[in-house]
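Just so it is clear, the structure is predicted and the values come from calculations on it, not from any experiment. Each chain gets a letter, A, B and so on, in the order its sequence line appears, and its residues count up from 1.
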2 protein chains.
Amino acid sequence: MEFNEKQLAIIHTAEKLFSVTGFDGTSVRDIANEAGINVAMVSYYFGSKEKLMEAVFEHRTNQMRIKVENMLQNDQYSHLDKIFMIIDEYVDKFVDRQDFHKLMMREQFNEKGTLITDLIHEVKLKNLASITKLIRAGQKSGNFAKNIDVVLMMATITGTISQIINSQRFYRETHSMTDLPAEEFNKHIRKKLSTYLKSLFKTFLTNEA
Amino acid sequence: MEFNEKQLAIIHTAEKLFSVTGFDGTSVRDIANEAGINVAMVSYYFGSKEKLMEAVFEHRTNQMRIKVENMLQNDQYSHLDKIFMIIDEYVDKFVDRQDFHKLMMREQFNEKGTLITDLIHEVKLKNLASITKLIRAGQKSGNFAKNIDVVLMMATITGTISQIINSQRFYRETHSMTDLPAEEFNKHIRKKLSTYLKSLFKTFLTNEA
DNA sequence: CCGAATTAATTAAACGTTTGTTTAGTTTTA
DNA sequence: TAAAACTAAACAAACGTTTAATTAATTCGG
């Protein structure tokens with residue numbers, strides 16, 4: 001599915017507002033006003049509010065998948081370096097697309113299976129498979145410890161990043177950065193999260209339990 | 001503020017429904033039906049839906065605070081053991097009160113400061129102070145590494161637990177536990193998270209960067 | 001200990017808004 | 001001139017809250 005400019009404008013404002021006020025907390029009139037269009041255009045282009053939400057996810061699906069295919073068989077990097085690259089990819093995705101990821105982390109908590117939760121689930125499974133492959137290779141070559149639960153690892157990576165980015169106010173206040181412009185804060189937190197998560201997993205992965 | 005039985009019944013069903021469908025996704029009529037009362041009782045007892053939400057948090061505030069006062073000056077345990085106890089306390093809280101914590105993790109993402117976000121913020125600050133005190137003591141005695149950002153540590157602990165518990169379906173499916181009764185799953189995940197987080201932080205805290 | 005008086009608890013119905021969506025018509029583009 | 005884009009208005013349903021009336025519980029002087 002490809003969207004025209006008008007549709008993309010609606011998708012982007014919807015993404016923004018959904019991330020701030022939540023799906024149920026945002027009315028189609030809110031979106032229409034913010035996007036400077038008529039209310040009826042949402043139904044006209046997307047059919048319903050629900051389908052607009054699906055369009056947001058459809059549009060950002062690539063943002064969820066970590067790309068590791070080429071990297072996996074590149075012998076230039078150590079297994080640990082490859083894990084580090086994956087960490088950086090997660091950090092970059094979350095920092096670059098904060099609205100969407102806040103949306104996704106919220107949606108992920110929904111218990112009943114919808115088209116969107118299924119989509120998230122599917123991508124998570126694929127990412128899990130990629131990382132597992134890498135971890136197993138590292139274990140086989142003797143670099144990584146045994147008994148590593150990759151699902152827990154993923155939970156730590158995404159959970160930590162989400163916790164910092166999505167409740168940013170707490171980090172900013174405790175680090176005297178309340179009024180730091182978004183761009184500078186992003187630069188700071190990118191480096192900070194990257195360094196922290198790498199050192200956290202380096203010792204964990206390479207030491208014996 | 002103390003609540004009578006009827007009020008507690010409303011609070012508990014509200015907590016449950018808010019955690020499943022979200023605050024905006026839950027109507028006061030949903031709550032009234034589930035609790036077997038008349039819609040007007042919510043306004044009668046709490047004034048408004050918003051104030052009912054605040055009552056839920058007021059009722060569970062103790063659940064958020066980690067208690068470390070006595071423990072901190074107990075020389076029977078090592079600094080690392082004390083950190084381990086804090087980890088277990090977080091794990092237990094999240095597992096025992098899943099509904100409330102899902103609610104809280106969602107609410108924490110709200111950007112505009114409400115009475116509830118302020119409350120969460122306040123408790124997080126207190127917990128941060130307790131843990132920081134402990135970490136600094138461990139560093140002074142030479143047991144812990146330097147340059148530990150306690151805010152990031154907290155983010156990893158709560159973020160990891162939340163990620164596993166609140167999107168439980170993913171963990172269950174990848175571990176062949178789809179139909180495991182809640183009680184047995186809770187027992188399993190309690191042990192699993194505790195062991196994992198301890199080993200994750202043990203190496204991180206005690207090794208040099 | 002009782003029955004009248006008072007307060008608290010509970011109800012069904014109605015209130016005015018807001019909700020997502022549709023309709024029917026108009027303007028713009030192809 | 002036919003199709004696409006866009007609009008204001010209307011739609012019924014759902015929303016949070018209030019009202020007015022009724023039932024249950026509590027208080028209290030005799």
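Rounded to whole angstrom, the span from the CE atom of A:M53 across to the C1' atom of C:dT19 amounts to 17 Å. Taking atom CD of A:E50 as the reference point, atom P of C:dT19 lies 17 Å away to the nearest angstrom. Between the CD atom of B:E5 and the P atom of C:dT10 there is a distance of 12 Å, given to the nearest Å. Between the P atom of C:dT10 and the CZ atom of B:F46 lies a distance of 12 Å, rounded to the nearest Å. At whole-Å resolution of the value, CG in A:L52 and C1' in C:dT19 are 15 Å apart. Rounding to whole angstrom units, CG of residue A:D30 and C1' of C:dT17 are separated by 14 Å. For the pair B:R29 CZ and C:dT17 P, the computed distance is 16 Å after rounding to whole Å. As rounded to whole Å, 13 Å separates atom P of D:dT17 from atom CD1 of B:I10.
Under the 6.0 Å distance and 45° angle rule, B:K102 does not count as a cation-pi partner of B:F18. Cation-pi geometry between A:K124 and B:F170 is met: under 6.0 angstrom from the ring centre, within 45 degrees of the axis.
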Pairwise N/O distances under 3.5 Å, protein to nucleotides 3-7 of chain D:
unit_1: D:dA5; atom_1: OP2; unit_2: A:Y44; atom_2: OH; d: 3.1
unit_1: D:dC6; atom_1: OP1; unit_2: A:K6; atom_2: NZ; d: 3.3
unit_1: D:dC6; atom_1: OP2; unit_2: A:Y45; atom_2: OH; d: 3.1
unit_1: D:dT7; atom_1: OP2; unit_2: A:N38; atom_2: N; d: 3.3

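Taking the C1' atoms of five terminal pairs at each end of the helix from C:dG3-D:dC28 to C:dA30-D:dT1, the two resulting helix axes are inclined by 10°, rounded to 10°.
With A:D99 contributing its side chain and A:H12 its backbone, the two residues share no donor-acceptor pair below 3.5 Å. In this structure a side-chain-to-backbone donor-acceptor pair under 3.5 Å is present from A:Q139 to A:A145. Looking only at distances, a side-chain donor or acceptor of B:H175 sits under 3.5 Å from a matching main-chain atom of B:Y171. The backbone N or O of B:R65 sits less than 3.5 Å from a side-chain atom of B:K93, completing a donor-acceptor pair.
Closest to the side chain of B:K49, out of C:dT21, D:dG16, D:dT18, is D:dG16.
In the model, B:E183 has no side-chain atom that pairs as donor or acceptor with a side-chain atom of B:N186 under 3.5 Å.
Listed by chain and residue number, nothing satisfies the side chain to side chain donor-acceptor pair (under 3.5 Å) test with B:N38 (two or more places apart in sequence, or in another chain).
Classification of B:E15 and B:R60 as a salt-bridged pair holds, one side-chain N sitting under 4.0 Å from a carboxylate O.
Nucleic acid contact for B:S43: base, since at least one base atom lies under 4.0 Å from a heavy atom of the residue.
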